[in-house]
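Written below as structure tokens is the structure these notes are about.
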Protein chains: 2
Amino acid sequence: MSVSLASAALNGHKHHGIAMPWLGAEQTAEVALGGPVLHFAADRRIYAEGDDARSYYKLVSGVVRTCKFLSDGRRQIDAFLLPGDVFGFEGGTIHRLSAEAVSDCTIIAYRRRGTEAIIAADDRIARQFFSYAMSCLEQTRDHCLLLGRGSAAQKIGAFLLEMADRGDSATKVELAMSRQDIADYLGLTIETVSRTLSQMEREGTIALQTTRKVVLRNRRALEDLNA
Amino acid sequence: MSVSLASAALNGHKHHGIAMPWLGAEQTAEVALGGPVLHFAADRRIYAEGDDARSYYKLVSGVVRTCKFLSDGRRQIDAFLLPGDVFGFEGGTIHRLSAEAVSDCTIIAYRRRGTEAIIAADDRIARQFFSYAMSCLEQTRDHCLLLGRGSAAQKIGAFLLEMADRGDSATKVELAMSRQDIADYLGLTIETVSRTLSQMEREGTIALQTTRKVVLRNRRALEDLNA
DNA sequence: CGAATACTTGATGAGACTCAAGCGCCGTGG
DNA sequence: CCACGGCGCTTGAGTCTCATCAAGTATTCG
């Protein structure tokens, strides 16, 4: 039962690294386990690094960021989560990252204890949880590659392509996050992000309809950056 | 046979992130699954990105690096593996990283198919595999933090502390890897690595007994870098 | 309309990269 | 035994990218 639903949800979604489509999965389980539907305003904290990992969450609408903070106040954003993505899932008992609402968002909470019961009861689900962890891992490794090796233009290009792939349109990207968020995701400063985007617009690679609406005019040029 | 060796190697080591101590657990399973003991000379490839993930491996002796290659020939090293560590474990059917011997090393191969049978048969094992994946994830996220935010000195400092924590001595670090490997791990150039180490020696933070033998003279100074 | 916030743009400088020698260690061979 | 390369590492000089500091513009909201 829960399994077949899980498969259906899976097929209906494209894979974008951090998504856990399969979780859409056990509706029976959701009835049993789904906590309240929560709402967070933009920039509200959902949980902090170090908090007890009592629940994990599925994003219904809006955008969420997961991040770590450094002692000097700076921030490294680990990932942006889009609707359908699941986050806050931990191997241990505490959260290793903070999660914050980028925009207003709606979230369903799942109790952790229930999940463990599911894992114990159904090894196919267990394998899917494992597979989720491995997807996250792969995405994080790609992120490392970008952070370690890319120029500002390469980082911004990869970021825009990632957002385009995960969004609805292949050429129009609606950025829910601020320049500061982008900077903290890519290991750059806000000024460099801004300058690089302006530069790309001057070159005709992209168009900035508004600061948050980007049109990819020359997708090829962006892809060639990281070639 | 290989089993007792495996367990011995396992028990003799502390946890350092990527280790999979729990594997020591099912000795019966190891008897059934342990493949041949393999030997690789320094700089030999163990598997390449894209290869079928038929097996995963446990490192018995020596040091291994896992990495990705970029089109321009550059390399990002994902992790260094020390004896006791397990690697080559994948969610999908192919390897997402290459693995290469840093020094001469001895490795035990485990068949993947058998592993899946174990997961199906024993949910405790399944949970441990999941937990392993989450450890890797955590380590990789920390690596991202370093790559995205650190100065050269911060990166080198963190690297030395990591190696010291994982090694036998708290103050003497034996580097199995070349400067190039370190550079590719930290997202720096070989020259910057060299210069930074020299600088640290001039300041009395470390001593370079030989190019590969580092003594941490002022651990505190290194820790304060990333404060 | 004014104030706050987010973003862009410019000038400058620091840090890391690039290019280019130079050193030191080893193994080889004369 | 020492000369010779080869290789890995270090060091130096110059350049370039990106961070920093500092305005200035746009957009939103009261």
Side-chain angles (χ1 to χ4, degrees), chain A residues 41-43 63 65 70 72-76 102-104 146-160 173-203 206-214 225, chain B residues 41-43 63 65 70 72-76 102-103 146-160 173-203 206-214 225-226:
Chain A
D43 285 322
V63 176
R65 61 180 176 251
L70 294 92
D72 62 6
R74 295 206 293 187
R75 203 176 48 157
Q76 174 66 48
V102 169
S103 60
D104 289 3
L146 198 63
L147 288 171
R149 289 293 166 190
S151 65
Q154 287 177 318
K155 290 175 178 181
I156 297 284
F159 171 73
L160 290 175
V173 182
E174 177 83 46
L175 298 173
M177 69 291 292
S178 69
R179 296 290 190 261
Q180 186 64 62
D181 284 334
I182 298 172
D184 289 345
Y185 180 64
L186 298 176
L188 297 171
T189 59
I190 184 177
E191 293 96 331
T192 300
V193 171
S194 187
R195 264 188 264 271
T196 306
L197 286 170
S198 299
Q199 180 63 20
M200 284 177 171
E201 184 168 37
R202 251 173 268 129
E203 291 165 351
I206 62 172
L208 293 164
Q209 295 188 322
T210 72
T211 53
R212 304 285 184 105
K213 279 200 182 73
V214 183
L225 282 174
Chain B
D43 284 322
V63 176
R65 60 180 176 251
L70 294 92
D72 61 7
R74 294 207 291 186
R75 204 175 49 156
Q76 175 67 46
V102 169
S103 59
L146 198 62
L147 288 171
R149 291 292 163 191
S151 65
Q154 287 177 319
K155 289 176 178 181
I156 298 283
F159 171 73
L160 290 175
V173 182
E174 178 82 47
L175 298 174
M177 68 292 291
S178 68
R179 297 290 191 261
Q180 186 64 62
D181 284 335
I182 299 172
D184 289 345
Y185 180 65
L186 298 176
L188 297 171
T189 59
I190 185 177
E191 294 96 331
T192 300
V193 171
S194 186
R195 264 189 263 271
T196 306
L197 286 171
S198 299
Q199 179 64 20
M200 284 177 172
E201 184 168 37
R202 250 173 270 129
E203 292 164 350
I206 63 172
L208 293 164
Q209 296 188 321
T210 74
T211 53
R212 304 284 185 106
K213 279 200 182 73
V214 184
L225 282 174
N226 279 300

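Quick caveat, the model's predicted, so the values are computed rather than measured. Reminder, nothing fancy here: chain letters follow the sequence lines and each chain counts from 1.
When each of D/dC9, C/dT8, C/dA11 is scored by its nearest atom to the side-chain atoms of A/Arg195, the top-ranked nucleotide is C/dA11. Here D/dA19 is the nucleotide among C/dC19, D/dC9, D/dA19 with the atom lying nearest to any side-chain atom of A/Leu188. For A/Ala152, taking side-chain heavy atoms from C-beta onward, the closest of the listed nucleotides D/dC18, D/dC21, C/dC19 is D/dC18. Residue B/Ser178 has its side chain nearest to D/dC9 when only D/dC9, D/dC18, C/dC17 are considered.
If you measure from atom CZ of B/Arg149 to atom P of C/dA16, you get 14 Å, rounded to the nearest angstrom. Rounded to an integer number of Å, the gap from CG of B/Leu208 to C1' of D/dC9 is 11 Å. To the nearest angstrom, P of D/dC18 lies 13 Å from CG of A/Leu197. Whole-Å rounding puts the B/Gln209 CD to C/dG24 P distance at 18 Å. Protein atom CE of A/Met177 is 15 Å distant from nucleotide atom P of C/dA6, rounded to whole Å. Taking atom CD on A/Gln199 and atom C1' on D/dT17, their separation rounds to 13 Å, with Å as the unit. Following rounding to the nearest Å, A/Arg179 (CZ) and D/dT27 (P) show an atom-to-atom distance of 12 Å. Distance A/Lys213 NZ to C/dC7 C1': 16 Å, rounded to the nearest Å.
Looking at B/Arg75 and B/Gln180, their side chains come closer than 4.5 Å, going by heavy atoms from C-beta outward. Two residues are said to be in side-chain contact when any heavy atoms from C-beta on lie closer than 4.5 Å; B/Lys155 and B/Asn226 fail this criterion. Residues B/Leu147 and B/Gln76 meet the side-chain proximity criterion, which asks for heavy atoms closer than 4.5 Å.
When the side-chain nitrogen and oxygen atoms of B/Ser194 are compared with OP1 and OP2 of D/dC9, none of them lie within a distance under 4.0 Å. Considering only side-chain N and O atoms, A/Ser151 lies nowhere under 4.0 angstrom from the phosphate OP1 or OP2 of D/dT17. The side chain of B/Thr192 places no N or O atom within less than 4.0 Å of a non-bridging phosphate oxygen (OP1 or OP2) of C/dA16.
Among the atoms of the strands shown, only primed sugar atoms or phosphate atoms (P, OP1, OP2) are found under 4.0 Å from some heavy atom of B/Gly187. Within the nucleic acid shown, A/Ser198 comes within 4.0 Å of sugar-phosphate atoms alone, with no base atom in reach, counting heavy atoms only.
Tested against A/Ile156, the residues A/Thr192, A/Ile206, A/Val193 include a single side chain to side chain contact (heavy atoms under 4.5 Å, CB included) partner, A/Val193.
Evaluation of atom-type donor-acceptor distances gives no pair under 3.5 Å for the side chain of A/Gln180 against the base of C/dC7.
Remark: the backbone N or O of B/Thr211 is paired with a side-chain donor or acceptor of B/Arg179 at under 3.5 angstrom.
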